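This is a predicted model, so every value here is computed, not measured.
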Amino acid sequence: MTYRGTQQESRQRYLDGYDVAGALKYDSWVASLTPVDHDACVADLKQCVQFRDAMDVLDAGSGTGALCLALVRIPGLRITALEPCAAMSDLLVSKPELESIATVRGFCDHVDDANHFHPNSFDLIASRQLANCLFDPLAAFRNWFYWLRPGGTVVVMDGLFDRDAWSGTWDGMVDTLPLSACRTMATVPYLLEQVGFHVDHAGPMSHTNALPSTQTRRYIVAASKCVAS
């Protein structure tokens, strides 16, 4: 037993928290996102990602489809959604605009999770509000490095959350998750560098943050897997 419990305990708490009722409650936030919200997310992504046709894209920790709903607005992407919770995935694929997205069940922040995909499977791996929930961010970033093609990009989008954001079902988890209440944009880029990525961009999500619907300031980090010389 460690000071913060085990990863298995943390994972089970996540799965229990997002049963059918919990997933529906979460999805009410996703349902509240408008085309303006999705367009703002796309605009922020395009500031640090060069999109092209036939890109293989992984939405890591896809939930009920918040990021996917933005990604499908970019033509030509082949999108896979990785999500450990069945109730969340079921709600994602129930959305007509997301019904063609491939889904894979699983977490991403343990060494064994590398087996979800072959190496060099994706041109882009993106996450939205996942980093703050990772029990082992370094393990996740190592897996992303393994799954990403040389020259590919990872994008982390998250919020500058305070401790009091972790309440109710998630009370106490703020002290078990390393990025749970990170009030700096420096930590994620630092960790990405530690596993071999080159950080290309780190800054606020200016388009998303300009919307009245954004109550917590968001940031975006983009990093690339260099082509071996």
Side-chain angles (χ1 to χ4, degrees), residues 1-33 37 41 44 59-68 70 81-89 91-92 105-110 113 126-141 143-144 154-192 194 202-205 208-209 211-221:
M1 177 69 69
T2 69
Y3 67 93
R4 59 184 180 139
T6 68
Q7 187 171 45
Q8 185 56 44
E9 289 170 342
S10 181
R11 290 183 168 192
Q12 191 59 54
R13 186 168 181 179
Y14 174 85
L15 295 173
D16 292 343
Y18 288 124
D19 57 8
V20 172
L24 285 169
K25 182 178 179 180
Y26 179 91
D27 195 51
S28 66
W29 166 70
V30 177
S32 74
L33 297 174
D37 293 300
C41 183
D44 286 320
D59 178 355
S62 55
T64 64
L67 178 54
C68 285
L82 176 65
E83 168 58 43
C85 179
M88 300 280 257
S89 290
L91 287 169
L92 185 152
R105 186 80 48 76
F107 291 91
C108 69
D109 61 341
H110 187 277
D113 297 329
S127 68
R128 181 177 184 176
Q129 290 184 227
L130 170 71
N132 66 86
C133 298
L134 293 171
F135 189 86
D136 190 342
L138 282 172
F141 297 161
N143 288 336
W144 296 3
V154 297
V155 173
V156 176
M157 291 172 281
D158 218 304
L160 297 169
F161 294 105
D162 288 316
R163 292 180 61 86
D164 59 9
W166 295 82
S167 59
T169 302
W170 312 114
D171 184 48
M173 291 193 74
V174 67
D175 291 314
T176 69
L177 307 174
L179 299 176
S180 58
C182 206
R183 294 291 296 165
T184 173
M185 291 183 285
T187 307
V188 167
Y190 170 75
L191 295 178
L192 288 168
Q194 298 311 298
M205 295 180 69
T208 297
N209 289 339
L211 299 176
S213 57
T214 302
Q215 298 183 14
T216 301
R217 299 297 93 184
R218 310 286 166 168
Y219 68 93
I220 184 169
V221 179

Exercise. So, does D27 use its side chain to make a donor-acceptor pair with the main chain of A23 at under 3.5 Å?
Worked result: no
Exercise. Parallel, tilted or perpendicular for W170 and Y18, by the 30°/60° rule?
Worked result: tilted
For this session: Return the minimal non-hydrogen interatomic distance between L92 and G63, and the atom names on each side.
Result: CD1-O, 3.8 Å
Exercise. Could you walk me through whether V188 and Y219 pass the side chain to side chain contact (heavy atoms under 4.5 Å, CB included) check?
Worked result: CA-CA 10 Å; V188 167; Y219 68 93; 3.4 Å; yes
Exercise. Sub-3.5 Å donor-acceptor pair from the side chain of D158 to the main-chain atoms of A131, do we have one?
Worked result: yes
Exercise. CG/N209 to CZ/R218 distance, rounded to the nearest 0.5 angstrom?
Worked result: 8.0 Å
Problem set entry | Nearest-0.5 Å distance, CZ of residue R128 to CD1 of residue I220 | 10.0 Å
For this session: Determine the minimum heavy-atom distance between R13 and D171, stating which atoms define it.
Result: NH2-O, 2.7 Å
Exercise. For L134 and A140, which heavy atoms make the closest approach, and how far apart are they?
Worked result: CD1-CB, 3.9 Å
Problem set entry | Any donor-acceptor N/O pair, D19 side chain to G22 backbone, under 3.5 Å | yes
Seminar exercise, completed: Interatomic distance, OG1@T216 vs CG@D162, rounded to 0.5 Å, equals 8.0 Å
For this session: Using the side chain to side chain contact (heavy atoms under 4.5 Å, CB included) rule, take T6 and Q12 through it: C-alpha gap first, then chi angles, then the decisive distance, then the call.
Result: CA-CA 10 Å; T6 68; Q12 191 59 54; over 6 Å; no
For this session: Would you please classify the geometry between the W144 ring and the F141 ring as parallel, tilted or perpendicular, with 30° and 60° separating the classes?
Result: tilted
Exercise. To the nearest 0.5 Å, how far apart are CE in M157 and OG1 in T208?
Worked result: 8.0 Å
For this session: Show your reasoning for whether side chain to side chain contact (heavy atoms under 4.5 Å, CB included) applies to C133 and Y14.
Result: CA-CA 9 Å; C133 298; Y14 174 85; 5.7 Å; no
Exercise. Just by modelled atom types, is the A81 backbone N or O under 3.5 Å from a matching donor or acceptor in the D59 side chain?
Worked result: no
For this session: Identify the two heavy atoms, one from D37 and one from S213, that lie closest to each other, and give their separation to 0.1 Å.
Result: OD1-OG, 2.7 Å
Exercise. If you round to the nearest 0.5 Å, how far is SG of C41 from CG of L67?
Worked result: 5.5 Å
For this session: Would you name the heavy atoms of V174 and R163 that are closest together and state the gap between them?
Result: CG1-NH2, 3.6 Å
Exercise. Is a side-chain donor or acceptor of S10 paired with a backbone partner of Q7 at a separation under 3.5 angstrom?
Worked result: no
For this session: Under the side chain to side chain contact (heavy atoms under 4.5 Å, CB included) rule, what do F135 and F107 come out as? Steps first, then yes or no, please.
Result: CA-CA 10 Å; F135 189 86; F107 291 91; over 6 Å; no
Exercise. Is there side-chain contact between L211 and M205, with heavy atoms separated by less than 4.5 Å?
Worked result: no
Exercise. Between the side chain of E83 and the main-chain N/O of G65, is any donor-acceptor distance below 3.5 Å?
Worked result: no
Problem set entry | Separation between CG of L82 and SG of C108, rounded to the nearest 0.5 Å | 6.0 Å
For this session: Keeping the roles fixed (side chain from S89, backbone from A86), state whether a donor-acceptor pair exists under 3.5 Å.
Result: no
Problem set entry | Sidechain-backbone polar pair: N132 side chain, A181 backbone, donor-acceptor under 3.5 Å | no
Exercise. Looking at N143 and D113, what are the two nearest heavy atoms and their distance?
Worked result: ND2-CB, 3.7 Å
